[in-house]
Amino acid sequence: MPGDMHKNVSVQVDSDFALLLPSGVYEIKKMEPRSKIRTIIVFCLFLAIAGIIGFGYFCQDQVCALSKRAVILQSSDMMAYNELQPVALHQAGNNNNNNNNAGGSTAIASKASALQNIIANAGLSYEDVLNDDFQFDMDGHDVMVFLHIQKTGGTSFGRHLVRDLDLKRPCECQRQRKRCYCFRPHRNENWLFSRYSTGWKCGLHADWTELTSCVDVELDKNEGETAKRRYFYISLLREPISRYMSEYRHVRRGATWKGSRHWCLGRQATAVELPPCYKGKDWLDVDLDQFAGCESNLAANRQTRMLADLALVGCYNKSSMPAHERDRVMLASAKRNLAAMAYFGLTEYQKMSQYIFEETFNLRFAIPFEQHNATISAAAVTNLRPDQRRRIEKLNGLDIELYAFAKNLLFQRFEHLKAKDANFEQRFANLGNIFYKQGITEFNWDSNIEDALSTDH
């Protein structure tokens, strides 16, 4: 078009859009209308988009749960979630500039799909289960999905889920195999998706990105039919420095997680994206400085990475966006996903975590969890040199911030449930005292973290 048909307008934007427009100034090319037809087309498009949005808000079917999810996001971590969309679209725009039109369109479509997956695949949230009439439906199609992060006490908690819940039809565990059949009361379908009930169907220690794209497919395959299930994601977190040191000690003993897939957007991470930290079959007897010095060591900020939607940051391709931007998006995504989970617990707050689980799902454990914080890893943290401590804190900066967020949220949930419980004092004082199982009167979660996870594969 002729040059006089364009007008350049510079617009200063606020900080909320600075992620999308890093320079803070956006140049808009304003074109003079050529005909009334263009105005009519734009108006029709506006009506169509408004109709779609309106349908999404007023649709009552849970398949169209835009309105429900919007409420969830507002009450959980809306600010963090708002940071994700402009960054992802900005990155897609960069891809569009660097590639041809077809490639750029694919990138944008991929990012848009990733953003939709946040809403569609995260399962029912904590807000969903707060309703007074909520019941985890064992006889229906409800499924609890345990996102097991290494060295958080997940092995012990996973055993609690299959051995110690007071159920109409208890899980049937085989002594010679690390597997239990956790079936619904009246049919042989799984209500629990975890290491001990279904095995590592989505990969060894599958993360949020892997589970949300895999669980439904695997259960359909396992049960031989397609079902409309309700998913409830649960997880555990641990104080980051203690968790990191526990993982270091685990690896130093010769443990590996080579079976992990690191699957994202339909493919595994490449050796270029995740180069190995050691040669040979394991990293036996590695010293702490070597362990912390490997840039591709996934022990650093593991909890943030495993709870985030990695599609938003280009999966394991760290060249897809600047490091500081990648960290910010990943942390915001992890916070949002954690806040939207039906349940999470903290290793350092066993009794509180047990109470929240029982009240959330209206299920009862047959034994109480005992709190002792004097673990081997805690002692190892105390013995760190000041420079080692600073280095590990820097490596796990995202996890430290995520844990602070999680701790605050856990206490909020606890106070909310406590306020609703007319018999709180009695309930809290007698957690797990339903009946005694096989002569066991209590289970020490902390003291089992080191030993139980030493056999974690």
Side-chain angles (χ1 to χ4, degrees), residues 123-124 129 135-149 152-202 204-206 211 214-216 218-225 227 229-236 341-345 350 353-370 431-445 448-449 451-453 455-457:
L124 271 72
V129 303
Q135 182 75 35
F136 183 77
D137 191 359
M138 287 275 186
D139 284 316
H141 294 284
D142 287 0
V143 179
M144 206 176 290
V145 182
F146 181 28
L147 195 165
H148 182 174
I149 301 172
T152 58
T155 296
S156 299
F157 183 71
R159 288 172 179 167
H160 275 311
L161 291 173
V162 299
R163 293 179 181 178
D164 300 318
L165 279 173
D166 183 21
L167 304 172
K168 291 181 181 178
R169 183 180 180 181
C171 298
E172 300 173 13
C173 299
Q174 300 172 316
R175 289 188 177 183
Q176 302 302 321
R177 298 178 60 196
K178 294 180 179 180
R179 187 66 56 84
C180 301
Y181 297 108
C182 296
F183 292 142
R184 304 186 188 282
H186 303 296
R187 62 186 190 277
N188 292 342
E189 293 180 0
N190 292 286
W191 61 266
L192 175 64
F193 193 96
S194 72
R195 169 191 180 180
Y196 288 120
S197 59
T198 57
W200 301 113
K201 292 290 186 182
C202 294
L204 181 62
H205 286 285
L211 287 172
C214 165
V215 171
D216 206 43
E218 287 298 326
L219 286 179
D220 283 350
K221 188 188 305 181
N222 187 59
E223 296 170 3
E225 64 177 2
R229 305 178 184 90
R230 296 198 306 177
Y231 291 108
F232 299 81
Y233 280 80
I234 64 176
S235 191
L236 296 178
M341 277 187 172
Y343 167 81
F344 71 88
Q350 312 298 329
S353 296
Q354 180 179 356
Y355 176 78
I356 292 173
F357 179 94
E358 293 187 1
E359 292 301 304
T360 299
F361 291 107
N362 197 25
L363 295 171
R364 300 290 183 259
F365 285 106
I367 58 177
F369 301 156
E370 179 95 344
L431 286 174
N433 291 335
I434 298 175
F435 57 83
Y436 296 103
K437 195 171 187 179
Q438 298 176 352
I440 301 173
T441 58
E442 66 180 22
F443 185 90
N444 184 333
W445 201 352
N448 279 268
I449 291 174
D451 295 334
L453 292 186
T455 58
D456 198 358
H457 300 294

Which atoms form the tightest heavy-atom contact between Q354 and G432, and what is the distance?
NE2-N, 3.8 Å
Heavy-atom closest contact (F369 atom, H160 atom, distance):
CE2-NE2, 2.8 Å
Determine yes or no for a side-chain-to-main-chain donor-acceptor pair under 3.5 angstrom, with E218 supplying the side chain and L211 the backbone.
no
d(R187 CZ, D139 CG) to nearest 0.5 Å is 7.0 Å
Are side-chain heavy atoms of F136 and L124 found at a separation under 4.5 Å?
no
Do V215 and Y233 come close enough that some side-chain heavy atom pair is under 4.5 Å?
yes
Once you round to the nearest 0.5 Å, how far does CG of N222 lie from CG of N188?
10.5 Å
Please find the pair of heavy atoms, one from T198 and one from L192, that lie closest to each other, and give the distance.
CG2-O, 3.6 Å
Going by the rule side chain to side chain contact (heavy atoms under 4.5 Å, CB included), which residues pair with C180 if we only count those two or more places apart in sequence or in a different chain?
V162, C171, C173, C182
Any pair counted as ring-ring contact (aromatic ring centres under 6.0 Å, His included), so long as it reaches residues 162-183, sequence neighbours left out
Y181-F183
Rounded to the nearest 0.5 angstrom, the CE-CD1 distance for M144 and I234 is 5.5 Å
S353 and Y343 have their tightest heavy-atom pair at O-OH, 3.0 Å
Indicate yes or no: at least one non-hydrogen side-chain atom of L219 is less than 4.5 angstrom from one of E189.
no
Test item: R195 side-chain N/O and L204 main-chain N/O as donor-acceptor pair under 3.5 Å
no
Look at the side chain of S235 and the backbone N and O of L147, then say whether any donor-acceptor pair between them is shorter than 3.5 Å.
yes
State, to 0.1 Å, how close A227 and H141 come at their nearest heavy-atom pair, and which atoms those are.
CB-ND1, 3.9 Å
Please report the interatomic distance CG(L236) to NE2(H148), rounded to the nearest 0.5 Å.
8.0 Å
Among residues at least two apart in sequence or on other chains, which ones pass salt bridge (charged side-chain N to carboxylate O under 4.0 Å, His left out) with K168?
none
Show, in sequence, the C-alpha distance, side-chain angles and deciding distance for E223 and N190, and conclude whether the side-chain contact (heavy atoms from CB on, under 4.5 Å) test is met.
CA-CA 9 Å; E223 296 170 3; N190 292 286; 4.2 Å; yes
Please round to the nearest 0.5 Å and tell me the distance separating atom CZ of F361 and atom CG of L165.
10.5 Å
Do Y196 and L161 have side chains that approach each other closer than 4.5 Å (heavy atoms only, starting at C-beta)?
no
Using the test side chain to side chain contact (heavy atoms under 4.5 Å, CB included), find all partners of T360 that sit at least two apart in sequence or belong to another chain.
Y126, V129, I356, L417
Side chain to side chain contact (heavy atoms under 4.5 Å, CB included) with D220: which residues, sequence neighbours excluded?
D216, T226, R229
Criterion ring-ring contact (aromatic ring centres under 6.0 Å, His included) on F157 and F146, from CA distance to verdict
CA-CA 10 Å; F157 183 71; F146 181 28; 5.6 Å; yes
Spell out, as yes or no, whether a donor-acceptor pair under 3.5 Å connects the side chain of R184 to the backbone of D142.
yes
To check you understand the geometry: which heavy-atom pair defines the closest contact between F365 and E358, and what is its length?
N-OE2, 3.1 Å
Residue set satisfying side-chain hydrogen bond (donor to acceptor under 3.5 Å, both in side chains) with E172, at least two apart, ordered chain then number -> none
